[in-house]
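Proteins come first, then strands; the chains are lettered A, B, ... in the order of their sequence lines, and each starts at number 1.
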Amino acid sequence: MSLTLNIDPARVARARELAGRIVDQVQPFIERHTTTAIERAVVRLFGVEGKGPDEVPLANLVVEALQDGGGLARGAAFWMANACAQTGRTPQQVAEAVAAGDLDLMRLPLLPEAEIRAGAERLARGAVDRIRENRRTRDALINRYGERPAPWLYLIVATGNIYEDVVQAQNAARQGADVIAVIRSTAQSLLDYVPEGATTEGFAGTYATQENFRIMRRALDEVSEELGRYVRLTNYASGLCMPEIAALGALERLDMMLSDSMYGILFRDINPQRTLIDQHFARMIQAEAGIIINTGEDNYLTTADAYEAAHTVLASQFINEQFAHRSGMPDGQIGLGHAFEMDPSLEDGLLYEMADALLSRVCFPNAPLKYMPPTRHMTGDIFFGHVMNALFNLTSVATGQQIHLVGILTEAIHTPYLHDRFLAIENARYLFNNARHFREEFQIVPGGRIERRANEVLARTLGLLEEIAARGLFQAIADGVFAGIRRPADGGKGLDGVLEKDAGYLNPFYDLCLKGGGEA
Amino acid sequence: MSRVVLPYGDTTGDGAVQLSFTLPVPIGGAAREAARQLCLKMNLENPQVVAMRDLGGGYTFFIVYARATRGVDLDAIHVPEVSAPAWSMQEIDRMVAEKIGRPVRVVGACTGTDAHTVGLDAILNMKGYRGDYGLERYQGFRVWNLGSQVPNEALVAKAQEVEADAVLVSQVVTQKNVHLSNMTGLVDLLEAEGMRDRVLLIAGGPRITHELAVELGFDAGFGPGTLPSQVAAFIVQSLLERQER
């Protein structure tokens, strides 16, 4: 017996069916297209790393050359595989030759199509093998150390300097963190390339680069061994480079990634078409890598009222789940997001928070839900904030949340000081320990406030999903259905990187990852 | 006559203060004494370390109670504040309708790298803040809320496009005082475009005071706890003053 809600499963099934219909309306469009970011991800998965002239990453140089030459619609894999076979060089050497201006991929003679396909598949298999090896390494480490009890404590480091981040991250792990997220430098989501190398200067965060991923992975493996528990690493795959960063995360054994089907559209004004196409590929790679994605519904409640807008969170969770499924991702990797953001002056606000949190739990029983702490009503009054965080911590453990972003009392003042983090973790551990088996001891009163609230939110969610299904997702986003933000399908950044696939388009990863081309 | 005040705990003039801080010293007697002496150097009397916690890695966190000894003279303090009349939404709407005769156009943004729209939304969004409706709710206002991380250039372009009467800039979470350069950069840009005199330029945020805002070349600055109607009243009052000139 554990704390649960009495919700009609038929209505939950109906919501899921509507979300599936919404996603299926746009899925053919997604599958007809590719983007410059997806093609760069392919180049990087083939092992290309480093910069060319003017600090431009090789992956960008290769893809830009193909785009300028009109060949990108066949897929970067097609041209790279042909070039490797024709010249006997590795993808890295081919990319370097392109960067140096010594090689024009589109001027090389073409091998027979079947040979190119076979070559591309060999290159892709190398990447997929490495990703699967990472997955086995993670599983082995978790088996050796044992899995941590939920909720997992998720903490953020954000110094701008990867080496300083390492110190902070290892300290946070020693203080009790189960998951470390390295916040990215502000506005990296708007860069149409992934910077290269180890970086020591970022703003309010550290650049996501392949080398930075490697450095932090090594540091967390070290501290995992010291502590005898596996400390997970998280980074952010949202933005214009979603597929590329997902690929780098898969190659460098990140364990979680922020990866939302709509966040970039709504909160970073990235073009809706670009984002939906990108998320499909990104999540497919993440699925293969065993990376748990975190979706961004919590952000809706930073602009909209949590009591009023809870149904938009739930509707978006259903849509995010369906998109993830279309990328071959199992439920156990879909970390749907939500947040504890109700106005603290609301009578019975805690009950409504519990209702909403339980509702997500009941609708997505196998998803590792990600629960975000109060931010909207954090005012700088650290004493009150600490109390709000305690209620958040209680709600999390009482309703069975999995990934728990630790609320810090100095939210809205500054990035956490050493003792801020200490106090925040202490608060969370206190509640988790003190209410460890809360779920097994309490039941929701039938027909009571919590159940009524949950049913009301579900009813509004169904209404919203019906409306989106009738309108179509692109139109709904343009109409401001989510977070009250309007994003037209041809607006925002990155539309110039969207292109329709040619009939002979080649990208072996789709087959390898989605159609069970490799091992199960 | 001067009015000198000290912090108040439970007796007038007791000077009671609480502090918390971390020292890069391993927990122990020396750490406790270091914390105590630090407080004495801050001119605090009778410091008592009531809690001392081991943060690991050779760091210790302290909670200290002590007595402040030096008061401040209230009569010697002068804080410039925005003078905005206490008008209600209905009064403001009526005044706009009668005296301005068209909706007041307001463009707002969190500029630079700031992604925190809480303050801006509290002032602009329909719902408002603490039961005080936001500017979107007013019949007398048209609002363009550009959201977070807006470059100054984009804000100025929008202000130009919609012929804004007022530009609202919110700066919430900032590092290394970047909000100051964001704000002066905006003033420079508006001046370069010849628009500075045509718009009311208003800043808001937890680290913003009216004095600071004026010093940086803004017309007004609003700190934490500001209600939308205060901002609305300031805008309308200022526009009416300009009309009369």
Counting only heavy atoms from other residues, nucleotides and ligands, does the tally under 6.0 Å from [atom1] of [X] exceed 12?
X: B:Phe21; atom1: CZ; value: yes
X: B:Glu81; atom1: CD; value: no
X: B:Tyr59; atom1: OH; value: no
X: A:Glu426; atom1: CD; value: yes
X: B:Glu33; atom1: CD; value: yes
X: B:Tyr133; atom1: OH; value: no

- Query: Does the side chain of A:Arg268 come within less than 4.5 Å of B:Gln149's, by heavy atoms?
  - Reply: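 They are in side-chain contact.
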- Query: Is any side-chain heavy atom of B:Phe61 closer than 4.5 Å to a side-chain heavy atom of A:Leu423?
  - Reply: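 With C-beta onward as the side chain, the pair touches.
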- Item | Contacting region of A:Glu308 [heavy-atom separation from chain B under 4.5 Å] |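 Neither the backbone nor the side chain of A:Glu308 comes within 4.5 Å of chain B.
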- Item | Contacting moiety of A:Asp343, where chain B heavy atoms sit under 4.5 Å |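 A:Asp343 has no heavy atom closer than 4.5 Å to chain B.
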- Message: For A:Gln175 versus B:Leu55, what's the shortest heavy-atom pair and its separation?
- Response: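 For A:Gln175 versus B:Leu55, the nearest heavy atoms are NE2-O, 3.8 Å.
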- Query: Rounded to the nearest 0.5 Å, how far apart are CG of A:Asp305 and CG of B:Asp121?
  - Reply: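 CG of B:Asp121 is found 12.0 Å from CG of A:Asp305.
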- Part of B:Asn125 lying under 4.5 Å from any heavy atom of chain A: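 Side chain only.
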